[in-house]
Trainee: 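Sending over a structure as structure tokens; questions will come in a sec.
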Amino acid sequence: MYYSVLKTPLCDIILTGDNAGLQHLHLKTGKEKRPFEILPDWEQNPNYFKETEKQILEYLSGNRRQFTIRLNPSGTDFQKKVWQALCDIPYGALRSYGEIAKAIGNPKASRAVGGANGKNPIPLIIPCHRVVGSDGSLTGFSSGIAIKEKLIQLEETSLLNDVS
């Protein structure tokens, strides 16, 4: 397993993965709900993540709307189905947990969708920040609500800049 730490104006981002693809993206905000540690047998390899880091920095500067990175998240079949539905949310758009549940063909699973969202190992690239409560409220985010709000604002600002 390889890892790299990317310093960004938003926060430090820890990337981990192997030859099968990116497995984790950890937003080190100090508000994380899940602990994350670099294991002693992992090899620091920034070159391995060069393209991933480039795309993340482009996204954070408002110059990228889609990622073209090979992903390899670990999860249940249900979680992977939810994460795929998250990838289908357009840049700058928001969806409710209920809308995601309907999109995966299980309209009564909004709470389970929330659980899968919370376990998303690759936030930002699998855009769980684009999921909000049914009333539009910002609910739960594994790295804290403040960063979720910043990511939503970043996308809204980027879209507004395109119009002007």
Trainee: Please report the shortest heavy-atom distance between Gln79 and Gly75, naming the atom on each side.
Mentor: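 Looking at all heavy atoms of both residues, the shortest contact is OE1-CA, 3.1 Å.
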Trainee: NE2/His24 to CG/Asn72 distance, rounded to the nearest 0.5 angstrom?
Mentor: 9.5 Å
Trainee: Take a 6.0 Å sphere around CD of Glu51 and say whether it holds more than 12 heavy atoms from other residues, nucleotides or ligands.
Mentor: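 Enclosed.
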Trainee: If you compare all heavy atoms of Tyr97 against all heavy atoms of Gly133, which two are closest, and at what distance to 0.1 Å?
Mentor: CE1-N, 4.1 Å
Trainee: Give, for atom CG of Asp12 and atom CG of Leu6, the distance between the pair rounded to the nearest 0.5 Å.
Mentor: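 It is 8.0 Å, given to the nearest 0.5 Å.
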Trainee: Look up atom CD1 in Ile14 and atom CZ in Phe49, then write down how far apart they are to the nearest 0.5 Å.
Mentor: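 So the CD1 of Ile14 and the CZ of Phe49 are separated by 11.0 Å.
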Trainee: Can you find a heavy atom in the side chain of Met1 that is under 4.5 Å from one in the side chain of Gln23?
Mentor: yes
Trainee: Is there a side-chain contact between Ile56 and Leu15 (heavy atoms, below 4.5 Å)?
Mentor: yes
Trainee: Ile126 pairs by side chain to side chain contact (heavy atoms under 4.5 Å, CB included) with which of Leu22, Leu71, Leu25?
Mentor: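 For Ile126, the side chain to side chain contact (heavy atoms under 4.5 Å, CB included) test succeeds with only one of Leu22, Leu71, Leu25, which is Leu71.
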Trainee: When you compare the side chains of Thr68 and Gln55, does any donor N or O come within less than 3.5 Å of an acceptor on the partner?
Mentor: yes
Trainee: Do Gln84 and Lys80 have side chains that approach each other closer than 4.5 Å (heavy atoms only, starting at C-beta)?
Mentor: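 They are not in contact (no side-chain heavy atoms under 4.5 Å apart), so the answer is no.
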Trainee: Output side-chain donor-acceptor pairs under 3.5 Å for residues 148-156, partner residues at least two apart or in another chain, one line each.
Mentor:
residue, atom, partner, partner atom, Å
Lys148, NZ, Val131, O, 2.5
Lys148, NZ, Thr139, O, 2.7
Lys148, NZ, Gly140, O, 3.2
Glu155, OE1, Gly92, N, 2.7
Glu155, OE1, Arg130, NE, 2.9
Glu155, OE2, Tyr59, OH, 2.6
Glu155, OE2, His129, NE2, 2.8
Glu155, OE2, Arg130, NE, 3.2
Glu155, OE2, Arg130, NH2, 3.0

Trainee: Minimum heavy-atom separation for Cys11 to Thr8, with atom names?
Mentor: O-OG1, 2.5 Å
Trainee: Is Val5 reachable from Leu57 through a run of I, L, V, M, F, W or Y residues, each pair having side-chain heavy atoms under 4.5 Å apart?
Mentor: no
Trainee: Going through the checks in order, is the side chain to side chain contact (heavy atoms under 4.5 Å, CB included) test met by Ser134 and Glu99?
Mentor: CA-CA 9 Å; Ser134 58; Glu99 288 172 315; over 6 Å; no
Trainee: Tell me, do Ile89 and Leu94 make a side-chain contact under 4.5 Å, heavy atoms counted?
Mentor: no
Trainee: Do Tyr3 and Ile69 belong together in a cluster built from hydrophobic side chains that touch within less than 4.5 Å?
Mentor: no
Trainee: Between CD1 of Ile13 and CD of Glu53, what distance do you get to the nearest 0.5 Å?
Mentor: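 If we round to the nearest 0.5 Å, Ile13:CD1 and Glu53:CD are 9.0 Å apart.
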Trainee: In the structure I gave you, are the side-chain heavy atoms of Val82 and Ile100 within less than 4.5 Å of one another anywhere?
Mentor: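 Yes - at least one pair of side-chain heavy atoms lies under 4.5 Å apart.
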Trainee: Less than 4.5 Å apart, any side-chain heavy atom of Pro90 and any of Arg95?
Mentor: yes
Trainee: Within the structure provided, determine whether Asn19 and Tyr2 are in side-chain contact (heavy-atom separation under 4.5 Å).
Mentor: yes
Trainee: Looking at every heavy atom in both Trp83 and Pro73, which two are closest together, and how far apart are they?
Mentor: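 In terms of heavy atoms, the two residues are closest at CZ3-CB, 3.8 Å.
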Trainee: Do Gln44 and Ser4 have side-chain N/O donor and acceptor atoms under 3.5 Å apart?
Mentor: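 No.
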Trainee: Can you pull out every side chain to side chain donor-acceptor pair (under 3.5 Å) where at least one residue sits in residues 110-124? Sequence neighbours excluded, please.
Mentor: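 Passing the test, one end in residues 110-124: no pairs.
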Trainee: Grab the two heavy atoms, one from Ala101 and one from Ala109, that are nearest each other, plus how far apart they are.
Mentor: CB-C, 3.8 Å
Trainee: Between Lys54 and Lys50, does the side chain to side chain contact (heavy atoms under 4.5 Å, CB included) criterion hold? Intermediate values first, please.
Mentor: CA-CA 6 Å; Lys54 175 181 168 278; Lys50 196 172 218 156; 6.0 Å; no
Trainee: Is the shortest side-chain heavy-atom distance between Tyr91 and Ser158 below 4.5 Å?
Mentor: yes
Trainee: What's the shortest heavy-atom distance between Lys102 and Pro107, and which atoms?
Mentor: CG-CB, 3.8 Å
Trainee: Output all residues satisfying ring pair (Phe, Tyr, Trp, His ring centres under 6.0 Å) with His26, sequence neighbours left out; order by chain, then residue number.
Mentor: Phe36
